[in-house]
There are 2 protein chains.
Amino acid sequence: MARTAGSDGERTEAAIREAAVDLIARHGYEAVTMRQLAARVGVQPAALYRYFQTKEDLLFILMREHMEALLDAWNNARPSSGDADERLAAFVENHIAFHIERRAQTHISNMELRSLSPERLTAILRLRTSYEKELRAILREGAESGAFDLDDIGLTAMAIIQMITGVIVWFRPDERLSVEGVTRTYLSMTMRLVGASTNRETHHVHAGTRLRA
Amino acid sequence: MARTAGSDGERTEAAIREAAVDLIARHGYEAVTMRQLAARVGVQPAALYRYFQTKEDLLFILMREHMEALLDAWNNARPSSGDADERLAAFVENHIAFHIERRAQTHISNMELRSLSPERLTAILRLRTSYEKELRAILREGAESGAFDLDDIGLTAMAIIQMITGVIVWFRPDERLSVEGVTRTYLSMTMRLVGASTNRETHHVHAGTRLRA
DNA sequence: TCATTAATAAAACGTACGTTCAATTAATTC
DNA sequence: GAATTAATTGAACGTACGTTTTATTAATGA
């Protein structure tokens, strides 16, 4: 029993986080054991507790930081001016780019709410609500200016979020579909969905795609 | 140790299934223990094994039957004739009705794939693919007839499925939003999304809605 | 009514979990 | 160089899991 030579707390913590994201996204939080996680990092299970007090702490921190990063990313991407069309476009683009880049984290963020304590669940839901409010504000602005034709702002916001987040479920960049291409198509569909007054371009129809569930 | 008076195999099995759906949807498959499930049903844990060989068997059966029921429901709802517009409308309506009625099962179906063995996962994914193919066929037909204006059939199919399935994440019928109303709005959005050539009705804009994540 | 089958309880098996504690070494600071 | 702190290991704690086995009763069918 000894401190391993060359060990570095920061590096070990980063390795724990990375391994946790991968294992939890792949197997599910409850199915991933601390022993499994430790083995993946290359430490004994007890070492994990030097960095995270409990297993749930680890999950919560990962989920909270993911949501905070998303809010941050949107704060940075949000146009300082421009009408609802432009804001919606920026929102969709930022959202898709952010989530495709963090597929594993997004899976965790969407799927592991059930394992959080009530207080922590509330905290995460609050962050989500903040983010959703941003989209609703854009939609409301568009509806009021007449740029969008909406039946129900809240419902439309949720439908859009579910749709654009759902990109991570099936999309893998390949020769046929690039991130840019997929983003463009999602943007086009979103604009239509909200009834945005844009010129309609003629698109070439592509045959089915090889999709993964 | 005795057989409980009044016990009835069919009833016990149904109770197990029902309790499993509720507990698993609420807490997650891995977090739900057989002891917990048995207590909920009112039997000892060993009794569960009379009906389901393993915990995973139970999960697989629930998930498989859910998918099979969905395919069945669509087989029964599919118009025997009609153009792409009508078929897509029928698809969306059936999909939303089916999933709202089975919120818990749908949660399980979408979230517990990770706990299945590879072979079983393959079996479920196959059923999913069958269902998605139905939507893709409708979209292809619409694209070919010119009724829809699609950039990419496969992508559009997945976007639609993610969006309309996502209704179960946030929607709870209340005074403001009814199942019928929500279905109508989703249908309207879907039609726009695919660029369907329909008359646009003027919708009254509703303010935000109280949503649950 | 009797034999068979079904349905259950109780006990236990074999294994595993999240976590704590104590000790040992390495790294850092003064 | 010595003291302090950090980072790890190894062992163990307290509890729990999915599952099997055996025995007992109830229900069903002939």
Side-chain angles (χ1 to χ4, degrees), chain A residues 1-21 23-24 26-63 108 112 114-120, chain B residues 1-21 23-24 26-63 108 112 114-120:
Chain A
M1 99 176 60
R3 172 175 180 167
T4 303
S7 56
D8 174 300
E10 285 190 19
R11 267 205 343 253
T12 302
E13 179 171 344
I16 293 170
R17 285 164 172 267
E18 191 183 326
V21 165
L23 286 173
I24 295 174
R26 194 182 300 266
H27 303 293
Y29 167 78
E30 299 285 346
V32 173
T33 68
M34 299 300 261
R35 287 167 174 82
Q36 195 178 2
L37 176 57
R40 181 65 165 274
V41 176
V43 297
Q44 295 298 308
L48 302 179
Y49 294 87
R50 190 165 185 288
Y51 302 92
F52 301 96
Q53 206 164 5
T54 64
K55 189 183 178 185
E56 191 192 324
D57 275 12
L58 172 57
L59 178 65
F60 177 63
I61 288 166
L62 292 177
M63 291 173 79
I108 293 168
E112 306 294 352
R114 296 174 297 183
S115 295
L116 295 177
S117 68
E119 306 77 48
R120 285 179 164 153
Chain B
M1 90 173 69
R3 174 178 176 163
T4 304
S7 57
D8 173 301
E10 284 190 20
R11 266 202 345 254
T12 301
E13 180 171 344
I16 293 169
R17 284 163 174 267
E18 192 181 326
V21 165
L23 286 172
I24 295 172
R26 196 182 299 267
H27 303 292
Y29 167 78
E30 299 285 345
V32 173
T33 68
M34 300 299 262
R35 288 167 172 83
Q36 194 178 0
L37 176 57
R40 181 63 167 275
V41 175
V43 297
Q44 296 297 306
L48 302 179
Y49 293 87
R50 182 156 198 296
Y51 303 92
F52 302 95
Q53 205 164 8
T54 64
K55 189 182 176 185
E56 190 192 325
D57 274 12
L58 172 57
L59 177 66
F60 177 63
I61 288 165
L62 293 177
M63 290 173 80
I108 293 168
E112 305 295 355
R114 296 173 299 183
S115 295
L116 295 177
S117 68
E119 307 78 48
R120 285 179 163 155

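Lettering follows sequence order; numbering is per chain, from 1.
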Is it the case that over 12 heavy atoms from other parts of the model lie below 6.0 angstrom from the CD atom of B/E56?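 More than 12 heavy atoms, drawn from other residues, nucleotides or ligands, come within 6.0 Å of this atom.
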
Residue B/Q53 excluded, over 12 heavy atoms near CD under 6.0 Å: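 Check fails, neighbour count at 12 or below.
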
Gap between atoms [atom1] and [atom2], on [X] and [N] respectively (whole Å):
| X | N | atom1 | atom2 | answer |
| --- | --- | --- | --- | --- |
| B/E13 | C/dA7 | CD | C1' | 13 Å |
| B/L48 | C/dA10 | CG | P | 15 Å |
| B/R35 | C/dA10 | CZ | P | 14 Å |
| B/K55 | D/dC17 | NZ | P | 9 Å |
| B/E10 | D/dT28 | CD | C1' | 14 Å |
| A/Q53 | C/dC21 | CD | P | 12 Å |
| B/R50 | D/dT25 | CZ | C1' | 14 Å |
| A/L37 | C/dG18 | CG | C1' | 12 Å |

[X] has a side chain; which of [options] sits nearest to it?
| X | options | value |
| --- | --- | --- |
| A/Y49 | C/dT20, D/dC17, C/dT24 | C/dT20 |
| B/M34 | D/dT19, C/dA7, D/dT8 | D/dT19 |
| B/V43 | C/dT24, C/dA26, C/dA9 | C/dA9 |
| B/T33 | D/dG18, C/dT25, C/dG18 | D/dG18 |
| B/R3 | C/dT25, C/dT19, D/dA26 | D/dA26 |

Check [X] against [Y] and note the closest heavy-atom contact, atom names and distance.
| X | Y | answer |
| --- | --- | --- |
| A/Y51 | A/I16 | CD1-CD1, 3.6 Å |
| B/T54 | B/Y49 | CA-CE2, 4.3 Å |
| A/L37 | A/L23 | CA-CD1, 3.8 Å |
| A/L58 | A/A20 | CD2-CB, 3.9 Å |
| A/E30 | A/S115 | OE2-OG, 2.8 Å |

[X] side-chain N/O to [N] phosphate OP1/OP2 under 4.0 Å:
| X | N | answer |
| --- | --- | --- |
| B/T4 | C/dA9 | yes |
| B/Q44 | C/dA10 | yes |
| B/T12 | C/dT8 | yes |

For B/V41, report the nucleic acid contact type (base, sugar-phosphate, nothing); a contact means any heavy atom under 4.0 Å.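 Touches nothing.
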
Base, sugar-phosphate, or nothing for B/Y51, non-hydrogen atoms under 4.0 angstrom?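 If one applies the 4.0 Å heavy-atom cut-off, B/Y51 turns out to touch the sugar-phosphate alone, with no base involved.
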
Five pairs per end, C1' atoms only: what is the angle between the end axes of the helix from C/dT1-D/dA30 to C/dC30-D/dG1, to 10 degrees?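 Angle reported: 20°, given to the nearest ten degrees.
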
Are any of the side-chain nitrogens in A/R120 or A/E112 under 4.0 Å away from the carboxylate oxygens of its partner?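 No salt bridge links A/R120 with A/E112.
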
On DNA chain D, does the nearest nucleotide to A/D8 precede the nearest nucleotide to B/T54 from the 5' side, or the other way round? Give the residue.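 In this pair, the answer is A/D8.
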
With nearest nucleotides of DNA chain D determined for B/A46 and A/A47 from heavy-atom distances, which residue corresponds to the more 5′ nucleotide?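 Nearer the 5' end of the strand: A/A47.
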
